[in-house]
**Q** 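Provided herewith is a single structure, encoded as structure tokens, for subsequent inquiry.
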2 protein chains.
Amino acid sequence: MTVRGLNATAASLLGLLHGDSLTGWDLVATAQDRIGNFWTLTQSQVYRELARMTEDGLVTVGAPGPRDRKPYTITDAGRHAFAEWLAGAPTHDQIRVPLLLTILFSDHLEPGRLAEILAAERAAHAGRLAAYREHEGRLTDDPVRLATLRFGIRHEEAALAWFDELPGLLSATTPPR
Amino acid sequence: MTVRGLNATAASLLGLLHGDSLTGWDLVATAQDRIGNFWTLTQSQVYRELARMTEDGLVTVGAPGPRDRKPYTITDAGRHAFAEWLAGAPTHDQIRVPLLLTILFSDHLEPGRLAEILAAERAAHAGRLAAYREHEGRLTDDPVRLATLRFGIRHEEAALAWFDELPGLLSATTPPR
DNA sequence: TGGTACATGTAACATGTTACATGATTAG
DNA sequence: CTAATCATGTAACATGTTACATGTACCA
């Protein structure tokens, strides 16, 4: 029951618990669906955070159902902790793009290999953009989800535009031997 | 001397060590300068990775200099491990945008608070973009660094465009009571 | 000679990842 | 009755963060 500060992962679980009670399994699925595009969390984390939040009195466990399903319900303390977390300034973004390291050190790479990597990465971004756009059409009713999806779309569009200007930027790299 | 796989953080240190030998302190500063915009690493991590890589024979420590400065030098094994890491497919991007959680759950927030948060975030992005653009002017000679910087610029431009379309997207959110 | 920047590192903890172990229910 | 899926969770490890402890050299 020690009071601990919420992290964003725990907070998002509490956010998802504001409606019905959900089991750990449900939470994994729901999180994947609702925030999976911009926030990853694993099964392990979910169960760990649930155990911790139970200890802290932010959620309560209901009686085990059919397959040992255990519904978690948010408490008033949980709502309060969530509201406090939500009203605080969001922490800084975390962006780590391994490809940029590859590019930065690409002089230690055979030229052909870089082109391969870039092509594969570009394709992955294009695929994600297409999936987002398809999703976009089916989200006309939910403004906040649309807003987060739009962020993803903008992000992927920017990535593609960048991929397309890359050859021009890097052409000077190739040493003229 | 157990062989361990490289992680991106260790690899980037090896990348930076391809020129001169550098001390842990130097590496922190150099990393901040060269990859700081898209890859964070702390002092603690640097010393930990250096200790580990020394154990693994990827780098060697030179004789302590003036202020107990210890120059680290990459070994052939280190170069090999780095080359192998670099040629591999980059791992997937890691993007975590806490603000998107804030927005997704913004119905639990007083309306005015959301506007405040958005304004502050937008300003932060605008500031970063300005800094990048200023930097851009002074980078005409280094194509790979320019390429990574351009990624940052594209990313920030996308963010700003998204902030500007946000009010329109979210206006439907406000329940008409 | 006293403060600042340099330079090392450890300790403790928080968070995230991967792999595994266990069993219940359901669908075919 | 058997395979797939649901559902729990632990263990071990990797990575990242924050705070602290220690001392050195330089500069005003």
Side-chain angles (χ1 to χ4, degrees), chain A residues 2-14 21-33 35-36 38-56 59 61-72 85 91-98 101, chain B residues 2-14 21-33 35-36 38-56 58-59 61-72 85 91-96 98 101:
Chain A
T2 317
V3 181
R4 277 175 277 234
L6 283 186
N7 59 42
T9 297
S12 65
L13 294 180
L14 287 179
S21 301
L22 294 171
T23 66
W25 185 265
D26 293 338
L27 279 167
V28 172
T30 308
Q32 174 56 35
D33 177 49
I35 63 176
F38 57 89
W39 202 274
T40 60
L41 81 184
T42 62
Q43 209 195 30
S44 274
Q45 264 177 295
V46 169
Y47 286 111
R48 183 160 66 195
E49 294 298 347
L50 284 175
R52 193 191 284 200
M53 291 195 296
T54 305
E55 226 184 294
D56 290 357
V59 296
V61 203
R67 288 177 189 194
D68 207 30
R69 287 173 67 88
K70 291 178 193 160
Y72 286 86
W85 176 84
T91 54
H92 60 278
D93 296 357
Q94 213 182 94
I95 37 163
R96 282 188 156 194
V97 186
L101 293 177
Chain B
T2 318
V3 181
R4 276 175 276 234
L6 282 186
N7 59 42
T9 297
S12 64
L13 294 181
L14 287 178
S21 300
L22 294 170
T23 67
W25 185 265
D26 293 338
L27 280 166
V28 172
T30 309
Q32 174 57 36
D33 177 50
I35 62 176
F38 57 89
W39 201 272
T40 60
L41 80 185
T42 63
Q43 210 194 28
S44 272
Q45 264 176 294
V46 169
Y47 286 112
R48 181 159 68 195
E49 294 296 348
L50 284 174
R52 193 191 284 200
M53 291 196 294
T54 305
E55 228 186 292
D56 290 358
L58 305 179
V59 295
V61 203
R67 288 178 188 190
D68 209 30
R69 287 172 67 87
K70 291 177 194 161
Y72 286 85
W85 176 85
T91 54
H92 60 278
D93 295 357
Q94 216 181 95
I95 38 163
R96 281 189 157 195
L101 292 176

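Residue numbers start from 1 in every chain, and the chains themselves are labelled A, B, ... in the order their sequence lines are given, proteins ahead of strands.
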**Q** Ignoring hydrogens, what is the shortest heavy-atom contact between B:Pro71 and B:Ser21? Give both atom names and the distance.
**A**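 Distance-wise, the nearest heavy atoms are CB-CB, 4.1 Å.
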**Q** According to a strict under-4.0 Å criterion, is A:Arg67 in side-chain N/O contact with OP1 or OP2 of D:dT5?
**A**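 False: A:Arg67 side-chain N/O out of range (4.0 Å or more) of D:dT5 OP1/OP2.
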**Q** Between atom CG in B:Leu27 and atom C1' in C:dG9, what is the gap in whole Å?
**A**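 The answer, rounded to whole Å, is 15 Å.
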**Q** What I want to check is whether the side chains of A:Thr23 and A:Asp26 have a donor and an acceptor closer together than 3.5 Å.
**A**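 A pair is found: one side chain offers a donor N or O, the other an acceptor, under 3.5 Å apart.
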**Q** Search all heavy atoms of A:Trp39 against all heavy atoms of A:Ala8 and return the closest pair with its distance.
**A**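 Taking every non-hydrogen atom into account, CZ2-CB, 3.3 Å.
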**Q** Is any side-chain nitrogen or oxygen of A:Ser44 closer than 4.0 Å to OP1 or OP2 of D:dT10?
**A**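 Answer is no, no contact under 4.0 Å.
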**Q** When you check the phosphate oxygens OP1 and OP2 of D:dT8, does a side-chain N or O of A:Tyr47 lie under 4.0 Å from one of them?
**A**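 Checking D:dT8 against A:Tyr47, a side-chain N or O does come within under 4.0 Å of OP1 or OP2.
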**Q** State whether A:Thr42 places a side-chain N or O below 4.0 Å from either non-bridging phosphate oxygen (OP1 or OP2) of C:dT18.
**A**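 Checking A:Thr42 against C:dT18: no side-chain N or O falls below 4.0 Å of OP1 or OP2.
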**Q** So B:Pro64, base contact, sugar-phosphate only, or nothing? Heavy-atom distance under 4.0 Å.
**A**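 Answer is nothing: B:Pro64 stays at 4.0 Å or more from every strand.
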**Q** Could you state the atom-to-atom distance from OH of B:Tyr72 to P of C:dA7 in whole Å?
**A**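 Going from OH in B:Tyr72 over to P in C:dA7 covers 14 Å.
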**Q** Please report the distance, rounded to the nearest Å, between CG in B:Leu41 and P in D:dT18.
**A**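 Value for this atom pair: 14 Å.
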**Q** Could you tell me the separation between the CG atom of B:Asp68 and the P atom of C:dG9, rounded to a whole number of Å?
**A**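 After rounding, the reported distance stands at 7 Å.
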**Q** Nearest heavy atom decides the nucleotide; on that basis, is B:Arg69 or A:Leu6 closer to the 5' end of DNA chain C?
**A**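 Comparing both residues, the 5'-ward one is B:Arg69.
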**Q** How long is the line joining CD of B:Gln32 and P of C:dA7, in whole Å?
**A**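 About 16 Å, once rounded to whole Å.
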**Q** Which residue lies toward the 5' end of DNA chain D, A:Lys70 or A:Arg48, if each is placed at its nearest nucleotide?
**A**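 Between the two, 5'-proximity favours A:Lys70.
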**Q** When you check the phosphate oxygens OP1 and OP2 of D:dG16, does a side-chain N or O of B:Thr9 lie under 4.0 Å from one of them?
**A**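 Indeed, a polar side-chain atom of B:Thr9 lies that close.
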**Q** Could you state the CG-P distance from B:Leu13 to D:dT15, rounded to the nearest angstrom?
**A**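 Atom CG in B:Leu13 sits about 12 Å away from atom P in D:dT15.
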**Q** Quick check on C:dT15: is either OP1 or OP2 less than 4.0 Å from any side-chain nitrogen or oxygen of A:Arg52?
**A**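 Looking at the OP1 and OP2 atoms of C:dT15, one of them is under 4.0 Å from a side-chain N or O of A:Arg52.
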**Q** I need the minimum non-hydrogen distance between A:Ser12 and A:Thr9, along with the two atoms involved.
**A**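 Result for this residue pair: OG-O, 2.7 Å.
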**Q** Calculate the interatomic distance between A:Trp25 atom CH2 and C:dT22 atom P; express it in whole Å.
**A**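 The answer, rounded to whole Å, is 18 Å.
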**Q** Measure the CG-CD distance between B:Leu13 and B:Gln45 for me, rounded to the nearest 0.5 Å.
**A**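 CD of B:Gln45 is found 9.0 Å from CG of B:Leu13.
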**Q** Starting at atom CD of A:Gln43, determine the distance to atom P of D:dT8, rounded to an integer number of angstrom.
**A**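 The answer, rounded to whole Å, is 8 Å.
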**Q** Examine the base of C:dG16 for any acceptor or donor lying under 3.5 Å from a partner atom in the side chain of B:Arg96, and report the outcome as yes or no.
**A**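 By the distance-only test, no, there is no pair.
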